[in-house]
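Reading through the structure tokens given below for one structure.
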Amino acid sequence: MQLSEQEIVRREALQKIIDMGINPYPADSFEINTNSTEIEENFELSEDAYQNISIAGRLMMKRIMGKASFAELQDDHGVIQIYVSRDDICPGEDKALYNDLFKKLLDIGDIIGIKGRAFKTKTGRVSVHVESLKLLSKSLKPIPIVKEKDGVTYDGFSNPELRYRQRYVDLIVNPEVRSTFEKRSKMVSAMRKFMTDSDYLEVETPVLQPIYGGASARPFTTHHNTLDQKYYLRIANELYLKRLIVGGYKGVFEFAKDFRNEGMSRYHNPEFTMMELYVAYKDVYWMMDYLEEMIEYVAEATTGSTTVTVGENEINFQRPWKRYTMYEAIKEYTNIDISEMDEEQLRKTAKELHIEIDDSMGRGKLIDEIFGEKVEPLLIQPTFITDYPIEMSPLAKKHREHEGLVERFEVICNAKELCNAFSELNDPIDQRERFEKQIELGKRGDEEAMVLDEDFLNALNYGMPPTAGIGIGVDRLAMIMTNQPSIQEVLFFPQMKNLES
RNA sequence: GAUCGCGUAGCUCAGCUGGUAGAGCAUCUCCCUUUUAAGGAGAGGGUCCUGGGUUCGAGCCCCAGCGCGAUCACCA
């Protein structure tokens with residue numbers, strides 16, 4: 001491996017540290033009793049409380065001025081300035097700990113632990129006067145030095161490829177990145193709390209599935225050696241969660257990593273997180289109310305407000321959200337009533353709206369195209385769209401009133417689909433017919449058509465209670481809640497092409 | 001998958017019409033007991049993404065490839 005000048009210097013420093021009799025990677029715990037933010041915020045209120053500080057973190061900056069130095073230490077909360085004076089950390093004749101170790105051999109990026117007392121400098125910054133210092137881990141590669149003043153970032157570490165490939169560096173030097181992922185975690189916790197407080201059971205179901213189902217997508221395939229059997233990585237967990245409802249649980253949910261072997265973009269990663277929830281004895285209208293309440297709660301818990309800034313927009317999650325049927329939404333935004341149109345009339349309408357269509361599109365697909373082109377981009381505030389055409393929803397129950405529709409809703413928010421929900425189809429005979437239609441589509445070359453899952457039908461044959469189900473795109477929701485423009489910014493390790501050595 | 005853009009020091013970026021490879025921070029050396037975007041002064045550091053081609057001469061022009069980003073298509 002080719003070492004850079006700076007890496008060579010650091011390896012030399014490492015050897016000198018070892019030669020001094022200091023272990024650069026000690027094994028023992030370093031006890032921490034506070035953190036940077038707590039000291040900074042509370043020091044003036046209770047100075048006495050911060051006279052025996054013990055904190056640890058990464059050295060981010062050194063300002064050496066002879067026999068005394070300032071440095072910046074970054075822990076998991078933030079950055080605090082530390083003051084190191086030679087005669088305080090080396091009270092005797094031997095000044096090596098300061099002159100050699102601190103001044104010369106410790107580098108930016110090294111992890112150290114310090115003990116000391118808080119004080120305020122002449123310029124008024126709360127700092128820690130170091131009384132003892134211990135090297136906890138030597139860093140052999142230089143980190144980018146990012147500086148910031150009055151909101152302006154200097155020398156930022158901003159190359160997206162480097163940031164994603166080496167997320168650890170990104171997290172070290174870009175505090176706002178750390179904060180984004182903390183928010184995502186809060187968001188997931190809030191969702192989980194909301195559902196467990198409703199007495200629903202968090203479950204885990206197989207990722208390796210002999211038959212993939214529950215969504216329309218192309219799967220990844222893999223192979224089990226001992227069984228000598230082909231497996232698919234799940235594209236959804238819907239059919240497994242419904243089996244659990246058949247088994248008698250009132251409500252089950254799972255935060256599921258799903259895998260879809262399709263294109264990548266700033267909205268699509270090959271693996272992504274979907275939260276699916278199924279609740280027995282409920283329908284899609286109940287689910288609308290439940291979802292509204294949950295997302296309002298999650299926004300508040302994640303961002304501290306029910307109004308979230310996303311790009312240029314302010315998105316308000318406060319209940320109630322707008323509700324349209326698919327037909328109403330299209331009428332609202334195009335002034336065209338398509339509710340009574342047959343396939344030919346729809347085709348003509350789509351052409352008039354300059355929407356690209358092809359002959360393979362049926363009635364459902366045509367409606368979906370018109371909606372996707374003319375309505376969805378305009379829906380910024382969270383909006384329910386209900387009553388979807390049956391052709392596109394093989395797992396949803398037929399509409400209780402309208403022929404050709406299903407009991408389904410999607411929520412569109414920031415011009416993107418956020419979730420998808422049904423009154424779940426529990427009629428096993430109807431379900432079998434729907435699967436068979438999908439098989440026909442598959443035979444006609446639709447690579448995303450669903451496959452028939454005989455065991456799932458077997459489960460339905462035993463009887464599934466009427467059930468409301470929903471899938472929420474967790475990454476998409478995280479993008480909104482953290483105001484990030486791409487999915488890569490809310491995944492720690494977005495998928496990247498391998499670099500050849 | 002298609003189109004466009006980008007790839008230069010550890011990081012962020014300049015680099016003119018094709019004529020000796022540049023800056024800031026980081027690094028190294030020296031000075032300095034309350035500095036702060038960077039304390040002061042000086043020095044070193046390059047596979048210009050890779051491989052071909054054109055040319056007396058290529059970071060720059062041409063061809064092919066790799067990676068990333070943006071837009072589109074498919075989807076969540």
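Proteins come first, then strands; the chains are lettered A, B, ... in the order of their sequence lines, and each starts at number 1. Not measured: the values here are computed from a predicted model.
Of the two residues near RNA chain B, R476(A) and S85(A), the one whose nearest nucleotide lies more 5' is S85(A). Taking for each of V9(A) and S486(A) the nucleotide of RNA chain B with the nearest heavy atom, the 5'-most of the two is the partner of V9(A).
The phosphate of rU27(B) has neither OP1 nor OP2 within less than 4.0 Å of any side-chain N or O from R10(A). A sub-4.0 Å separation between OP1 or OP2 of rU33(B) and a side-chain N or O of K67(A) is present.
One finds the CD1 atom of I111(A) at 10.5 Å from the CD atom of Q74(A) (value rounded to the nearest 0.5 Å).
Scored by the side chain to side chain contact (heavy atoms under 4.5 Å, CB included) test, L97(A) finds I89(A), C90(A), L101(A) as partners (sequence neighbours excluded). Taking the salt bridge (charged side-chain N to carboxylate O under 4.0 Å, His left out) definition, one finds that E271(A) meets it with K257(A), sequence neighbours left out. Among residues two or more places apart in sequence or in another chain, the salt bridge (charged side-chain N to carboxylate O under 4.0 Å, His left out) test is passed with D87(A) by K95(A). Taking R266(A) as the reference, P485(A), S486(A), Q488(A) meet the side chain to side chain contact (heavy atoms under 4.5 Å, CB included) condition, with sequence neighbours excluded.
E72(A) pairs in a salt bridge (Lys or Arg N to Asp or Glu O under 4.0 Å) with only one of the listed residues (R58(A), K62(A), R63(A)), which is R63(A).
Each salt bridge (Lys or Arg N to Asp or Glu O under 4.0 Å) pair with one or both residues in residues 467-483 of chain A, not counting sequence neighbours, appears once here: R184(A)-D475(A). Under the salt bridge (Lys or Arg N to Asp or Glu O under 4.0 Å) criterion, the residue pairs touching residues 153-167 of chain A are E161(A)-R165(A), R163(A)-D170(A), R163(A)-E489(A), R167(A)-D170(A), with sequence neighbours excluded. Evaluation of the ring-ring contact (aromatic ring centres under 6.0 Å, His included) test over residues 54-81 of chain A, restricted to residues two or more places apart or in two chains, returns F70(A)-Y83(A). Within the structure, every pair that satisfies the ring-ring contact (aromatic ring centres under 6.0 Å, His included) test and touches residues 467-498 of chain A, not counting sequence neighbours, is listed here: F181(A)-F492(A).
In this structure, Y164(A) reaches the sugar-phosphate backbone alone: every heavy-atom distance under 4.0 Å involves primed, P, OP1 or OP2 atoms, never a base. At a threshold of 4.0 angstrom between heavy atoms, the contacts of S158(A) are confined to the sugar-phosphate backbone, with no base atom among them. Among the protein residues, D150(A) comes within range of no part of the nucleic acid, since none of its heavy atoms lies under 4.0 Å from any strand. Residue contacts shown for M274(A) are absent, as no nucleic acid heavy atom lies under 4.0 Å away. Residue contacts for N269(A): at a heavy-atom cut-off of 4.0 Å it reaches a base atom on one of the strands shown. Counting any heavy atom pair closer than 4.0 Å across all strands shown, R266(A) reaches sugar-phosphate atoms only and no base atom. Residue-level contact check: K257(A) touches neither bases nor backbone, having no heavy atom under 4.0 Å from any strand.
For rA58(B) and rU47(B), the C1' atoms lie 15 Å apart once the distance is rounded to whole Å. Between rC49(B) and rA26(B), the two P atoms lie 26 Å apart (nearest whole Å). Going from the P atom of rC62(B) to that of rG22(B) covers 25 Å, rounded to whole Å.
Between F255(A) and F253(A), the two ring planes are perpendicular [angle over 60°; tilted spans 30° to 60°].
R11(A) has its CZ atom 18 Å from the C1' atom of rC28(B), to the nearest Å. A straight line from CD of E7(A) to P of rA26(B) spans 18 Å, rounded to a whole angstrom. Remark: P of rA9(B) and CG of L162(A) are 11 Å apart, rounded to the nearest angstrom. If you take CG of L59(A) and P of rU35(B), they are 19 Å apart, rounded to a whole angstrom. Rounded to whole Å, the distance from CZ on F102(A) to P on rU33(B) is 15 Å.
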Short heteroatom pairs, N/O only, protein and nucleotides 39-48 of chain B, under 3.5 Å:
residue : atom : partner : partner atom : Å
rG39(B) : N7   : I64(A)  : O            : 3.2
rG39(B) : O6   : I64(A)  : O            : 3.1
rG44(B) : N2   : E5(A)   : OE1          : 2.6
rG44(B) : N2   : E5(A)   : OE2          : 3.4

Under 3.5 Å, which N/O atoms of the protein pair with N/O atoms of nucleotides 21-24 of chain B?
residue : atom : partner : partner atom : Å
rG24(B) : N2   : D155(A) : OD1          : 2.7

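Taking a pair to require two hydrogen-bonding distances under 3.5 Å in either a Watson-Crick or a G-U wobble arrangement, rG22(B) pairs with rC13(B). Under the Watson-Crick and G-U wobble criteria, each requiring two contacts below 3.5 Å, nucleotide rC4(B) is paired to rG69(B). In this structure, rU36(B) makes no Watson-Crick or G-U wobble pair, since no nucleotide meets both defining distances under 3.5 angstrom. Across every strand in view, rC28(B) sits in a pair with rG42(B) that passes the Watson-Crick or G-U test at under 3.5 angstrom.
Residue Y83(A) places no side-chain atom within donor-acceptor reach of the base of rU35(B), judged by atom type and a 3.5 Å distance cut-off alone.
Ion pair K242(A)/E276(A) not flagged as a salt bridge, since none of the NZ, NE, NH1 or NH2 atoms sits closer than 4.0 Å to an Asp/Glu carboxylate oxygen.
Side-chain contact between T303(A) and T309(A) is absent, with no heavy-atom pair separated by less than 4.5 Å.
A heavy-atom distance below 4.0 Å to RNA chain B is reached by these residues of residues 121-131 of chain A, ordered by number: T121(A), K122(A), T123(A), R125(A).
Between Y200(A) and Y290(A), the distance from one ring center to the other falls under 6.0 angstrom.
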Base versus backbone protein contacts along nucleotides 1-8 of chain B [heavy-atom cut-off under 4.0 Å; B, S, -]: --------

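Of the candidates rA26(B), rG67(B), rC11(B), the closest approach to any side-chain atom of K497(A) belongs to rG67(B).
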